[in-house]
Engineer: 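Right, I'll just put the structure down here and ask away after.
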Amino acid sequence: MTMAPWPLLSIITFLPLFGALLILFFVRGEGDKPAKLSSQIALLTSLVTFIVSLFIFKYFDPSNPGFQLAEKFAWIPSFNILYQKGIDGISLWFVLISTFLTPICVLSAMGGVSKRVKEFMIALLILETMMIGMFTALDFVLFYLFFEGVLIPMFIIIGVWGGAGRIYAAYKFFLYTFIGSVLMLVAIFWMVLHVGTTDMTAMMGNKFPKDIALWLWLAFFASFAVKVPMFPFHTWLPFAHVEAPTAGSVILAAVLLKMGGYGFLRISIQMLPTASAYFAPMVFGLSLIAIVYTSLVALVQTDMKKLIAYSSVAHMGFVTLGLFSMNPQGVDGAMIVMISHAFVSGALFLCVGVVYDRLHSRDIARYGGMAINMPYYALFFMIFTLASIGMPGLSGFVGEFLAMQGAYLMSSWLGECRARR
């Protein structure tokens, strides 16, 4: 484990929180001036965070497969709980995606959020801290706190600044994710008692009894399957996407859905490989259903956000199939699909937000004639749409092709089913 020359990961993690505190304590009152000042502080903070996060490339060694830029010290010594952070080639990209997209979300909110702008910017910056903290945590207690901490600001963003059905969507999002996470907490508690430490790196080298490992895997599956989301745990996602403001939809699609895939890869597969292999056929079955079923459901949508939401479930089906192929091609393909989907789906939701701000409608039938009135917009929308469907030469194709190859190497029947989607 390579130690950091300076606490880079902690700085990246808590810089957005510092900006949120600045807005909370130094921006007073309501109106245009406080709203503008809050937006400026949020934008500056998120931009500085992104610039600082680029220093990861300076210190990160691609030839080193272990955790790098590590920070470790006793947090709660009496319970052997550590403050431990680090990144590898998996978490590196998710950290950069989080820091890159947050300034874009702030910019989109500056024109799209008109009420309680101060509180919205605070929630967005706290959300960024939680996302980065989760992807860099190497202690189970720290991981769980950040993993669950993401839920609170996103619940507020949907519930306060969402559309007409925001209350129902926010509570459905909260209940689905919270119930799954309770089971994950029980599994973490047992693993910590068994190993005697909360250090996640120690868990990766530990062999758990097979009968216990199966139950532990199911507990983690309950949480990560909801986050991905996998079929049939996906029903909260269309409601959350439709009702969330544009910035919330971008973060939800680009980062929060990847938390489930990251959890599968970091915990289920690395810590419980035997149980992952045992339950792989179940995951393959659910993934194939998700790819076919949600693609068909997307075809009949009249709401543009719902269409993108259902297509996201199908893309995440490719991710879970690639991950549980558990070979280099499948895992690489799943990672590329997640990274590609983060940018492509985020861009598509921003494109929808542009039209919604003008028409106040997400009805696809109202989108006729865009190429005449907004030719550059139509061009970008088409490029991101083609990337989303996996056109050769674009990012979506590379990831899905590798995921198909990984599934074919695992089972030729699986590869053929996916190719016929």
Side-chain angles (χ1 to χ4, degrees), residues 8-24 26-27 32 34-58 87 91-114 116-136 146 149-150 153-154 156-158 161 241 244-259 338-354 356-357 377 380 384 395:
L8 177 60
L9 297 182
S10 291
I11 292 171
I12 297 170
T13 301
F14 295 108
L15 257 178
L17 184 61
F18 176 73
L21 293 174
L22 282 179
I23 297 172
L24 178 64
F26 293 99
V27 178
D32 292 339
K36 185 177 180 180
L37 181 58
S38 299
S39 301
Q40 290 172 342
I41 294 174
L43 180 61
L44 179 62
T45 303
S46 56
L47 284 173
V48 170
T49 304
F50 172 64
I51 292 169
V52 174
S53 71
L54 295 177
F55 280 92
I56 292 175
F57 283 117
K58 180 179 180 180
I87 59 169
S91 51
L92 164 69
W93 298 107
F94 294 121
V95 171
L96 293 175
I97 287 169
S98 301
T99 59
F100 173 74
L101 288 177
T102 303
I104 296 175
C105 291
V106 172
L107 282 171
S108 72
M110 290 172 71
V113 176
S114 58
R116 298 181 180 177
V117 176
K118 171 185 171 180
E119 290 80 4
F120 183 88
M121 296 302 170
I122 291 173
L124 203 56
L125 291 176
I126 293 175
L127 181 61
E128 183 181 14
T129 286
M130 297 300 171
M131 293 187 301
I132 298 171
M134 195 279 296
F135 289 125
T136 57
F146 283 122
V150 168
M154 182 53 71
I156 295 172
I157 287 173
I158 297 173
W161 292 277
H241 269 315
T246 300
S249 293
V250 172
I251 292 293
L252 188 62
V255 183
L256 266 62
L257 300 192
K258 312 308 177 291
M259 290 169 59
M338 284 194 284
I339 295 169
S340 168
H341 182 264
F343 291 106
V344 172
S345 65
L348 286 173
F349 278 115
L350 287 171
C351 288
V352 173
V354 168
Y356 183 76
D357 287 341
Y377 168 87
F380 280 105
F384 290 125
S395 59

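Model, not experiment: these values are computed from the prediction.
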Engineer: How many angstroms lie between atom OG of Ser98 and atom CD of Glu128, to the nearest 0.5 angstrom?
Structural biologist: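 Result: 7.5 Å between the selected atoms.
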
Engineer: Which residues satisfy the side-chain hydrogen bond (donor to acceptor under 3.5 Å, both in side chains) test with Thr99, sequence neighbours excluded?
Structural biologist: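 Once residues adjacent in sequence are excluded, the partners of Thr99 under the side-chain hydrogen bond (donor to acceptor under 3.5 Å, both in side chains) criterion are Ser53.
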
Engineer: Name all residues meeting the ring pair (Phe, Tyr, Trp, His ring centres under 6.0 Å) criterion together with Phe120; count only those two or more places apart in sequence or in a different chain, and write none if there are none.
Structural biologist: Trp161

Engineer: As an exercise, state the distance from OG of Ser38 to CZ of Arg116, rounded to the nearest 0.5 Å.
Structural biologist: 14.0 Å

Engineer: Who pairs with Leu47 by side chain to side chain contact (heavy atoms under 4.5 Å, CB included), at least two apart in sequence or on another chain?
Structural biologist: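 For Leu47 the side chain to side chain contact (heavy atoms under 4.5 Å, CB included) partners, ignoring immediate neighbours, are Leu43, Pro103.
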
Engineer: Counting C-beta onward and ignoring hydrogens, is there a side-chain heavy-atom pair between Ile23 and Leu125 closer than 4.5 Å?
Structural biologist: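 They are in side-chain contact.
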
Engineer: Sort and list the pairs that fulfil side chain to side chain donor-acceptor pair (under 3.5 Å) and have at least one residue in residues 102-112, not counting sequence neighbours.
Structural biologist: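 Found none.
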
Engineer: How long is the span from the CD1 atom in Ile157 to the CD atom in Glu119, to the nearest 0.5 Å?
Structural biologist: 12.0 Å

Engineer: Closer than 3.5 angstrom, by distance alone: can the side chain of Ser91 be matched with the main-chain N or O of Ile87 as a donor-acceptor pair?
Structural biologist: no

Engineer: Sort and list the pairs that fulfil side chain to side chain donor-acceptor pair (under 3.5 Å) and have at least one residue in residues 247-257, not counting sequence neighbours.
Structural biologist: Ser249-Lys305

Engineer: Please report the closest heavy-atom contact between Gly353 and Thr246, naming both atoms and the distance.
Structural biologist: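 That would be CA-OG1, 3.5 Å.
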
Engineer: Quick one: list whatever passes side chain to side chain contact (heavy atoms under 4.5 Å, CB included) with Leu22, sequence neighbours left out.
Structural biologist: Phe18, Phe26, Ile41

Engineer: Only counting residues at least two apart or in another chain, list the ones meeting side chain to side chain contact (heavy atoms under 4.5 Å, CB included) with Ser340.
Structural biologist: Val344, Ser395

Engineer: Who are the ring pair (Phe, Tyr, Trp, His ring centres under 6.0 Å) partners of Phe380, not counting sequence neighbours?
Structural biologist: none

Engineer: Of all the heavy-atom pairs spanning Ala244 and Ile158, show the shortest one and how long it is.
Structural biologist: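 Heavy-atom minimum between the residues: CB-CG1, 4.0 Å.
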
Engineer: Hey, is the main chain of His341 close enough, under 3.5 Å, to the side chain of Lys258 for a donor-acceptor pair?
Structural biologist: no

Engineer: Can you name the residues that form a ring pair (Phe, Tyr, Trp, His ring centres under 6.0 Å) with Phe50, not counting sequence neighbours?
Structural biologist: Phe100

Engineer: For residues Thr129 and Pro16, report the shortest heavy-atom separation together with the two atoms involved.
Structural biologist: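 Heavy-atom minimum between the residues: OG1-CB, 3.4 Å.
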
Engineer: List the steps and the verdict of side chain to side chain contact (heavy atoms under 4.5 Å, CB included) for Val106 and Leu124.
Structural biologist: CA-CA 8 Å; Val106 172; Leu124 203 56; 3.6 Å; yes

Engineer: Rounded to the nearest 0.5 Å, how far does CD1 of Ile12 lie from CZ of Phe55?
Structural biologist: 9.5 Å

Engineer: How long is the straight-line distance from CD1 of Ile97 back to CD1 of Ile251, given to the nearest 0.5 Å?
Structural biologist: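 Rounded to the nearest 0.5 Å, the CD1-CD1 separation comes to 10.5 Å.
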
Engineer: What's the spacing between Leu257 CG and Ser345 OG if we round to 0.5 Å?
Structural biologist: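 Spacing of CG (Leu257) from OG (Ser345) equals 7.0 Å.
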
Engineer: For Met130, which residues count as a side chain to side chain contact (heavy atoms under 4.5 Å, CB included) partner, sequence neighbours excluded?
Structural biologist: Ile126, Phe146, Val150

Engineer: Which pairs pass side chain to side chain donor-acceptor pair (under 3.5 Å) with one or both residues in residues 10-22, sequence neighbours excluded?
Structural biologist: Ser10-Glu71, Ser10-Tyr83, Thr13-Lys85

Engineer: Is there side-chain contact between Met131 and Met154, with at least one heavy-atom pair below 4.5 Å?
Structural biologist: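 Not in contact.
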
Engineer: Report yes if some heavy atom in the side chain of Phe94 is under 4.5 Å from a heavy atom in the side chain of Met338; otherwise report no.
Structural biologist: yes

Engineer: Which heavy atom of Leu24 sits nearest to which heavy atom of Lys118, and what is that distance?
Structural biologist: O-NZ, 3.5 Å

